[in-house]
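Per chain, numbering begins at 1; letters A, B, ... match sequence-line order.
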2 protein chains.
Amino acid sequence: MTDPARTGPPATDLELASDLVVHAARLVRAVRRTLDLPAGVRLLSILDEHGPLGVSRLAVLDRCSQPTMSAAVAAAADRGWVDKQPNPDDARSSVVTLTRAGRAELARIRRTNGETVAARLAALPQHSRQDVATAVAVLRDLLDISLEPHDLSEGAAR
Amino acid sequence: MTDPARTGPPATDLELASDLVVHAARLVRAVRRTLDLPAGVRLLSILDEHGPLGVSRLAVLDRCSQPTMSAAVAAAADRGWVDKQPNPDDARSSVVTLTRAGRAELARIRRTNGETVAARLAALPQHSRQDVATAVAVLRDLLDISLEPHDLSEGAAR
DNA sequence: CGACATTACATAGGCAACCTATGCATCGCC
DNA sequence: GGCGATGCATAGGTTGCCTATGTAATGTCG
């Protein structure tokens with residue numbers, strides 16, 4: 001298994017953190033190849049989590065640029081997954097809402113992808129369901145703190 | 001924080017597995033934006049782990065197509081990170097080897113990326129080092145079993 | 001109330017990473 | 001020697017994402 005020529009087994013915090021990213025990248029591509037992972041899924045996922053939002057705020061939450069999110073919203077709107085209306089309180093901004101069809105599409109993708117991944121996880125006796133939850137939590141929290149600390153956190157609540 | 005309109009909090013195995021992929025995708029893009037994550041890193045990482053290999057085998061290990069790996073190898077060879085020689089035992093195939101410079105480059109990227117990610121992880125008191133190790137293991141093992149079951153698993157070592 | 005910075009979004013243009021399809025040379029085998 | 005299988009390269013096209021920039025609406029301030 002181990003090759004004597006390798007630099008060293010992943011042991012340090014640095015290698016661990018680096019490996020986290022590398023393996024995440026591999027997983028994403030592997031999923032994109034075999035399953036169905038359009039970029040718009042993340043948009044639907046955010047709207048499902050946070051409710052209606054404007055484009056810029058969506059971009060921040062997805063850690064992408066505003067033009068990228070504009071395109072994603074336009075594409076999703078074309079397919080009827082989201083509804084984009086001008087904000088009545090601010091003519092500059094929009095309000096993007098998850099439609100019923102979008103919710104169904106999100107559920108469909110979650111189901112298909114989830115089934116595959118869950119099946120593979122089930123074949124790994126060394127990893128409990130709790131381990132997967134831990135992995136998800138690590139990834140999520142890792143991103144949360146990489147945002148601007150004060151402004152974007154759901155301005156609706158206040 | 002929670003919005004009453006949302007479909008539901010991630011609870012089922014399916015949603016958990018799906019969220020794993022979505023969050024992984026977000027992390028990868030977030031890292032690509034701020035840090036340095038050229039595609040070739042994965043190639044170097046594989047060579048570091050497994051030692052010299054041919055292009056097709058590398059592609060399988062990285063879960064990418066063979067042409068993609070051919071391009072990655074060519075790019076890495078241009079920069080002196082790998083050495084590509086014809087296989088003396090089989091004129092069809094090549095043997096790609098990690099050079100000293102490639103090893104150094106891999107160490108550099110692991111250091112810079114690792115420092116950033118590790119620093120952010122350190123700012124998350126709710127996640128232990130063990131949690132990160134768990135996350136890495138889940139991602140890695142998840143990919144291991146998605147391969148052909150018998151042939152490619154470093155047939156050399158055993 | 002008019003000038004000016006700020007904010008929210010759209011558009012233009014381009015690049016990087018991948019993929020499928022296909023061609024070519026070699027190897028294994030009968 | 002013919003023939004399928006294997007290893008790799010090339011061609012062509014798609015997706016995803018970025019920076020730079022323009023435009024319109026909003027807040028601010030003299």
Side-chain angles (χ1 to χ4, degrees), chain A residues 21-22 24-45 52-79 82 84-96 148 151-152 155-156, chain B residues 21-22 24-44 52-79 82 84-96 148 151-152 155:
Chain A
V21 178
V22 168
R26 262 201 271 268
L27 173 65
V28 170
R29 214 191 11 201
V31 170
R32 260 198 243 275
R33 290 188 71 184
T34 60
L35 302 176
D36 197 31
L37 187 67
V41 182
R42 294 193 310 267
L43 167 60
L44 302 184
S45 181
L53 287 171
V55 171
S56 295
R57 211 167 285 267
L58 286 169
V60 174
L61 287 172
D62 195 37
R63 283 85 181 168
C64 70
S65 68
Q66 168 263 310
T68 294
M69 184 51 74
S70 287
V73 168
D78 271 355
R79 301 182 178 186
V82 303
K84 182 180 167 189
Q85 295 289 331
N87 188 340
D89 299 332
D90 184 343
R92 294 171 299 180
S93 67
S94 308
V95 177
V96 181
E148 267 66 25
D151 54 358
L152 58 87
Chain B
V21 178
V22 169
R26 262 202 271 271
L27 173 65
V28 170
R29 205 173 20 161
V31 169
R32 257 198 246 274
R33 292 186 71 184
T34 61
L35 302 176
D36 197 30
L37 188 66
V41 180
R42 295 193 311 268
L43 166 60
L44 302 184
L53 288 170
V55 171
S56 295
R57 210 166 285 265
L58 286 169
V60 174
L61 287 172
D62 196 38
R63 284 84 181 167
C64 70
S65 67
Q66 168 264 310
T68 294
M69 184 52 74
S70 286
V73 167
D78 271 354
R79 300 182 179 186
V82 302
K84 183 181 169 190
Q85 295 288 333
N87 188 339
D89 300 331
D90 185 344
R92 295 172 298 179
S93 67
S94 307
V95 177
V96 181
E148 268 67 25
D151 55 357
L152 58 85

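- Among the atoms of the strands shown, only primed sugar atoms or phosphate atoms (P, OP1, OP2) are found under 4.0 Å from some heavy atom of A/Asp90.
- The distance between atom CG of A/Leu53 and atom P of C/dT7, rounded to the nearest whole Å, is 18 Å.
- Shown here for A/Val28 and B/Val21, the closest heavy-atom pair between the two residues is CG2-O, 4.3 Å.
- When each of B/Asp62 and A/Val95 is assigned the nucleotide of DNA chain C bearing its nearest heavy atom, the one mapping closer to the 5' terminus is A/Val95.
- B/Ser56 has a side-chain polar atom (N or O) that falls below the 4.0 Å cut-off from OP1 or OP2 of D/dC8.
- The closest side-chain heavy-atom distance from B/Cys64 to A/Arg29 is below 4.5 Å.
- Between the CE atom of A/Met69 and the C1' atom of D/dT19 there is a distance of 17 Å, rounded to whole Å.
- Here the shortest heavy-atom pairing between B/Val55 and B/Met69 reads O-CG, 3.6 Å.
- The CG atom of B/Asp89 sits 16 Å away from the P atom of C/dT26 (whole-angstrom rounding).
- Without hydrogens or angle criteria, B/Ser70 side chain to B/Gln66 main chain gives a donor-acceptor distance under 3.5 Å.
- Interface remark: the B/Arg92 side chain does form a donor-acceptor pair with the D/dT6 base, using a distance-only criterion of under 3.5 Å.
- Taking only side-chain atoms of A/Gln66, from C-beta outward, the nucleotide of D/dC8, C/dC9, D/dA20 with the closest atom is C/dC9.
- The shortest heavy-atom contact between A/Leu61 and B/Arg26 is O-CD, 4.0 Å.
- Rounded to a whole Å, the CD atom of B/Gln85 is 14 Å from the P atom of D/dC8.
- In the set C/dA21, D/dC8, C/dT26, C/dT26 carries the atom at the smallest distance from any side-chain atom of B/Ala91.
- Nucleic acid contact class of B/Ser65 (heavy atoms, under 4.0 Å, all strands): base.
- Residues B/Ala76 and B/Leu43 come closest through the heavy atom pair CB-CD2, 3.8 Å.
- Between the CG atom of A/Asn87 and the P atom of C/dA8 there is a distance of 10 Å, given to the nearest Å.
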Every protein N/O lying under 3.5 Å from an N/O of nucleotides 13-17 of chain C:
unit_1 : atom_1 : unit_2  : atom_2 : d
C/dA17 : OP1    : B/Ala39 : N      : 3.4

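- With values rounded to the nearest 0.5 angstrom, A/Leu27 atom CG is found 11.0 Å from B/Leu27 atom CG.
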